[in-house]
Amino acid sequence: MNATPFTFASWNINSIRARAHHVQDWLERHPECDLLCLQEIKCEDSQFPAVFAETGLHVATSGQKAYNGVALIGRRPFTVTHHTLPGFEHPSARYIETEIDGITIGNLYLPNGNSGGEDGYATKLAFFDALAARARVLLDAEKPFAFIGDFNVCPTSEDLASTSLPPDDALIRPESRAAFRRLEWMGLTDALRALYPTGRYYTFWDYQAAAFHRNSGLRIDHALLSPRLTERLKSFEIDKDERAKEKASDHVPVLVTV
DNA sequence: ATGACGCCGGAACGGCGA
């Protein structure tokens with residue numbers, strides 16, 4: 001087994017151009033983070049702030065205009081294996097995958113599923129189907145891997161403040177939770193719950209109605225680990241302090257160390 | 001409480017987010 005710790009993190013940044021300084025500051029305060037997975041960069045590849053590459057970091061993006069978009073920022077060079085999720089044909093930039101230090105990491109931004117009616121919701125389930133198919137491929141190859149990012153699902157009733165969502169919201173619909181559980185049944189492990197089986201942990205607080213002040217949050221940013229990576233799991237942290245900052249994203253960073 | 005807040009595009013305010 002690899003004795004050197006490896007730390008990877010996920011952060012839905014809600015526009016990288018609006019919050020590049022937060023990411024820079026955060027990376028300076030977290031030298032242990034080898035790879036940062038960003039979601040909702042909300043810009044095209046060419047608009048991603050140059051400051052990261054200019055300061056010696058390694059950047060890969062799967063961007064698009066105005067909406068969605070994912071990116072990887074690494075301390076060391078890495079290889080991008082996929083810029084889209086195989087089998088997910090919808091033209092939104094929601095997945096980028098790398099292999100680094102022998103670990104495959106899929107950085108994902110799942111559709112919210114509340115807009116676009118039943119078609120919009122079907123797109124969310126279609127992403128889950130493609131993700132399960134990708135998991136099958138990686139499991140069969142016996143790769144140590146992780147899916148990390150904004151899953152836009154609260155897996156159980158313990159993963160949201162009781163008044164934060166209406167009962168038919170796409171983040172808590174039974175089909176959404178079943179799709180998440182299906183990945184667990186395939187053998188993937190919800191890294192936070194492996195270490196903290198019970199208790200309320202949130203990664204998102206709405207901008208509205210003083211949600212952070214009231215701790216009316218959601219746990220929707222997750223890391224699902226393959227069996228071989230789960231054996232190596234050392235810690236899972238939620239950087240809640242980031243939410244209290246001026247001009248914060250509505251999501252906070254989560255860190256996994258193996 | 002189809003609202004609040006905050007991003008984007010494009011230069012006002014609708015679309016989208018969760």
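Remember, it's a predicted structure, so these values are computed and weren't measured experimentally. In what follows, every chain begins at residue 1, and chains take the letters A, B, ... in the order their sequences are listed.
Side-chain contact check for A:H90 and A:S92: at least one donor-acceptor pair (N or O, by modelled atom type) lies under 3.5 Å. Side-chain contact check for A:N107 and A:Q39: at least one donor-acceptor pair (N or O, by modelled atom type) lies under 3.5 Å.
Both the sub-6.0 Å distance and the 45° axial angle are not jointly satisfied by A:R219 relative to the ring of A:Y201.
Nucleic acid contact for A:F151: none, since no nucleic acid atom lies under 4.0 Å from a heavy atom of the residue. Using a 4.0 Å heavy-atom distance criterion, A:N68 is classed as making no nucleic acid contact. Looking at heavy-atom distances under 4.0 Å, A:Y67 makes contact with a base. Counting any heavy atom pair closer than 4.0 Å across all strands shown, A:R219 reaches no nucleic acid atom. Here A:D221 lies out of heavy-atom contact (under 4.0 Å) with every strand. Residue A:N152 is classed as a sugar-phosphate contact, given heavy-atom separations below 4.0 Å to backbone atoms only. Note on A:L165: nothing from the nucleic acid sits closer than 4.0 angstrom, heavy atoms only.
B:dC7 and B:dA12 are spaced 16 Å apart, taking the C1' atom of each and rounding to whole Å. Nucleotides B:dG6 and B:dG10 place their P atoms 23 Å apart, quoted to the nearest Å. Taking the P atoms as reference points, B:dG15 lies 23 Å from B:dA1, given to the whole Å. The separation of B:dA18 from B:dG3, taken at their C1' atoms, amounts to 15 Å, rounded to a whole angstrom.
Using a 30° and 60° split on the angle between ring planes, A:F151 and A:F180 fall in the perpendicular class, above 60°.
DNA chain B is contacted by both A:I16 and A:N12; A:I16 maps to the nucleotide lying nearer its 5′ end (nearest heavy atom per residue).
Side-chain contact between A:I238 and A:V252: present, with at least one pair of heavy atoms (C-beta onward) separated by less than 4.5 Å.
Taking 4.0 angstrom as the limit, A:Y109 places a side-chain polar atom (N or O) nearer than this to OP1 or OP2 of B:dA18.
The nucleotide whose nearest atom lies closest to any side-chain atom of A:K42 is, among B:dA18, B:dC7, B:dG17, B:dC7. When each of B:dA18, B:dC5, B:dG9 is scored by its nearest atom to the side-chain atoms of A:Y207, the top-ranked nucleotide is B:dC5. With distances taken from any side-chain atom of A:F204 to the nucleotides B:dG6, B:dA18, B:dG17, the minimum falls on B:dA18.
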